[in-house]
Amino acid sequence: MEFFLDTASIDEINRYKELGLVDGVTTNPQLLSKEGRDPLEQVREIAAIVSGPISVEVTHTDPQRMVEQARGLARVAENTVIKVPASMVGLTVARRLKEEGIKTNITLVFHPSQAVPFIRMGAEFISLFVGRVEDFGLDNREHIRRIRSMIDEMKSPTRLLAASIRNPDYLVAAVTDGAHAVTMPPVCWEKVYNNPLFNQAELEFLESWRKLPPRVREGYESIALDREVAQNAS
Ligand code: G3P
């Protein structure tokens, strides 16, 4: 299971890399535009700090221009993967890129049917947009399972990427329901580790502990230090 970070922010990538949560990065035109600088420079900088796949999306809508843009983006760094929309135009483009050995991440997949031809042609990734469906009160967890089973059925090398993740439960669903990778926006990792029950319990334990007189706590708290002193003396 790979964890990608869904952001174009260098600060966030560096921060989450320290936590071991950046096996790759996914961007889109909206995420790149938020950074407010030359998007190509931004992608180059990301590529300098991340060795796993970095998804960058084409912004043209004409197939020929999309192919040309994809070729250029693929040359920006050797680990770039080109995001191509899951449409008929995208199919034309992805097939041509496949012939040229350029890796694609098929994006904006809202229903498994969109993914079928791309799985058959062996696109590198299929990005199933989970959260944008959930925004309408619909549960598309089932689609994770269905797309994975189509990949297995067709013995395709395509990897399923659970994308557009909004809440911690979808991280768990991505793992248990068969996605090969999940791309998490930093705000969602924050939600995972900002659980009010956790915060309250941690506070409660430490508050009780701090009620002990310092001399009683001392041995327990300085145990690592004592061991270091003993080791240095031996
Ligand atoms: O990889 C998907 C992502 O780039 C877009 O997701 O959060 O805008 O629905 P979101």
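The structure displayed is predicted, hence computed values, not measured ones. Just follow the structure's listing: the first ligand is 1, and inside any ligand the first atom is 1.
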Look at the aromatic rings of Trp209 and Tyr220 and report parallel, tilted or perpendicular, splitting at 30° and 60°.
tilted
Charged N to carboxylate O below 4.0 Å: is that the case for Asp177 and Arg148?
no
Whether Glu100 and Arg71 form a salt bridge (side-chain N of Lys/Arg under 4.0 Å from carboxylate O of Asp/Glu) is what I want to check.
yes
Near ligand 1, at a heavy-atom separation below 4.0 Å: residues by chain and residue number:
Asp6, Asn28, Lys83, Phe129, Arg132, Ala163, Ser164, Arg166, Thr183
Could you tell me whether the side chains of Tyr193 and Asn199 share a donor-acceptor contact shorter than 3.5 Å?
no
Can you tell if the side chain of Ile165 reaches within under 4.5 Å of the side chain of Asp6, non-hydrogen atoms only?
no
Between Lys83 (side chain) and Thr27 (backbone), is there a donor-acceptor pair under 3.5 Å?
yes
